[in-house]
Amino acid sequence: TTSPGPFPFPREYFFPPFFTRQTNLTTHHAQLTKWSALVLSYCRHHRIFKLPLSPASTTTGTSTTADKPISATPGEDLFYSPKINRRLSLVDTREVINFLKKDGRAEYVAGGDKEGDVVWIYWRTPEEWATLVEGWVEETGQKGSVLTLYELTEGEGTRGTEFHGMDSELLQKALSVLVKRGKAQIFGQEDSQGVKFF
């Protein structure tokens with residue numbers, strides 16, 4: 001898999017006010033909307049399915065080269081702009097995530113409303129992924145066949161599809177949607193699960 005080119009950050013990302021909670025309600029709502037759009041497009045660009053929120057492993061104030069931040073970890077420069085040396089606080093970051101949650105575009109990995117340190121970012125929701133998988137099953141004549149979850153995410157047959165290389169837990173969420181729709185059945189042990197499509 002080829003790594004994507006650099007992410008084109010919006011111009012707000014280079015303005016300090018973007019990283020400071022706005023007090024005016026209308027302005028704050030616009031700020032949350034812009035942050036939400038940034039999180040979704042950034043994660044889609046880098047194909048990030050699970051996003052860590054706290055910069056536990058990142059160091060602040062370390063020198064960077066002009067063009068690229070020291071770390072190559074995707075997600076690290078999302079809430080931190082090295083050019084202006086500003087970081088969105090964890091409280092404000094969680095507010096952005098909760099804003100995305102209301103739209104069904106984010107969910108804490110811990111599940112439910114429990115706020116953990118890692119969140120699912122649904123630049124495609126499990127339902128949207130399910131529709132993509134279902135479309136691929138139709139197009140490739142896989143109805144009635146049994147495939148392992150590994151084949152779906154890593155197999156040659158899915159190379160070039162959007163779900164190739166996706167997080168296996170997210171694939172399970174999408175397949176559960178297909179099971180509810182009566183389009184698939186999952187069986188087998190966790191490490192060797194298979195799915196049959198109808």
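The first residue in the sequence is number 1, and the count goes up from there.
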Measuring from [X]:[atom1] to [Y]:[atom2], what's the distance to the nearest 0.5 Å?
{"X": "Lys180", "Y": "Ser176", "atom1": "NZ", "atom2": "OG", "value": "6.5 Å"}
{"X": "Leu38", "Y": "Phe18", "atom1": "CG", "atom2": "CZ", "value": "5.5 Å"}
{"X": "Ser36", "Y": "Lys102", "atom1": "OG", "atom2": "NZ", "value": "9.5 Å"}
{"X": "Leu78", "Y": "Leu53", "atom1": "CG", "atom2": "CG", "value": "9.5 Å"}
{"X": "Leu152", "Y": "Met166", "atom1": "CG", "atom2": "CE", "value": "10.0 Å"}
{"X": "Glu76", "Y": "Leu51", "atom1": "CD", "atom2": "CG", "value": "11.5 Å"}

Could you tell me whether the side chains of [X] and [Y] share a donor-acceptor contact shorter than 3.5 Å?
{"X": "Tyr42", "Y": "Asp77", "value": "yes"}
{"X": "Glu156", "Y": "His164", "value": "no"}
{"X": "Ser145", "Y": "Gln142", "value": "yes"}
{"X": "Gln193", "Y": "Gln172", "value": "yes"}

> Who else is in the cluster with Val146 when I, L, V, M, F, W and Y are joined by side-chain contacts under 4.5 Å?
Replying inline: Phe187
> When the ring centroid of Phe9 is compared with that of Phe7, is the distance short of 6.0 Å?
Replying inline: yes
> Does the side chain of His29 reach to within under 4.5 Å of the side chain of Leu25, using non-hydrogen atoms?
Replying inline: no
>> Are Val179 and Ile186 packed together at the side-chain level, in the sense that at least one heavy-atom pair is separated by less than 4.5 angstrom?
In response: yes
> Is NZ or CZ of Lys143 both nearer than 6.0 Å to the six-membered ring centre of Phe197 and within 45° of the ring axis?
Replying inline: no
>> Taking ring pair (Phe, Tyr, Trp, His ring centres under 6.0 Å) as the definition, give me every residue that meets it alongside Trp123, ordered by chain and number, with sequence neighbours left out.
In response: Phe49, Trp129
Locate the shortest heavy-atom distance separating [X] from [Y]; write the atom from each residue and the value.
{"X": "Pro82", "Y": "Tyr13", "result": "CD-OH, 4.0 Å"}
{"X": "Gln22", "Y": "His28", "result": "O-CB, 3.4 Å"}
{"X": "Ile84", "Y": "Pro16", "result": "CD1-N, 3.7 Å"}

> Under 30°, 30 to 60°, or over 60°: which ring-plane class applies to Trp120 and Tyr122, parallel, tilted or perpendicular?
Replying inline: parallel
>> Angle between ring planes, Trp35 versus Phe19, binned at 30° and 60°: parallel, tilted or perpendicular?
In response: perpendicular
> So, are Asp167 and Lys173 salt-bridged, with charged N and O less than 4.0 Å apart?
Replying inline: no
> Which is it for Arg105 and Thr125 under the side-chain contact (heavy atoms from CB on, under 4.5 Å) test, yes or no, and what are the steps along the way?
Replying inline: CA-CA 7 Å; Arg105 292 285 168 188; Thr125 62; 3.6 Å; yes
>> Checking Leu100 against Glu107 for the side-chain contact (heavy atoms from CB on, under 4.5 Å) test, could you report, in this order, the C-alpha distance in whole Å, the side-chain angles of both residues, the deciding distance, and whether it holds?
In response: CA-CA 8 Å; Leu100 281 163; Glu107 180 188 354; over 6 Å; no
> How far apart are the C-alpha atoms of Arg94 and Asp117, what are their side-chain angles, what is the distance that settles it, and do they pass the salt bridge (Lys or Arg N to Asp or Glu O under 4.0 Å) test?
Replying inline: CA-CA 9 Å; Arg94 287 191 187 281; Asp117 258 358; 3.2 Å; yes
> Can you name the one residue among Leu132, Leu178, Val177 that meets side chain to side chain contact (heavy atoms under 4.5 Å, CB included) with Glu127?
Replying inline: Val177
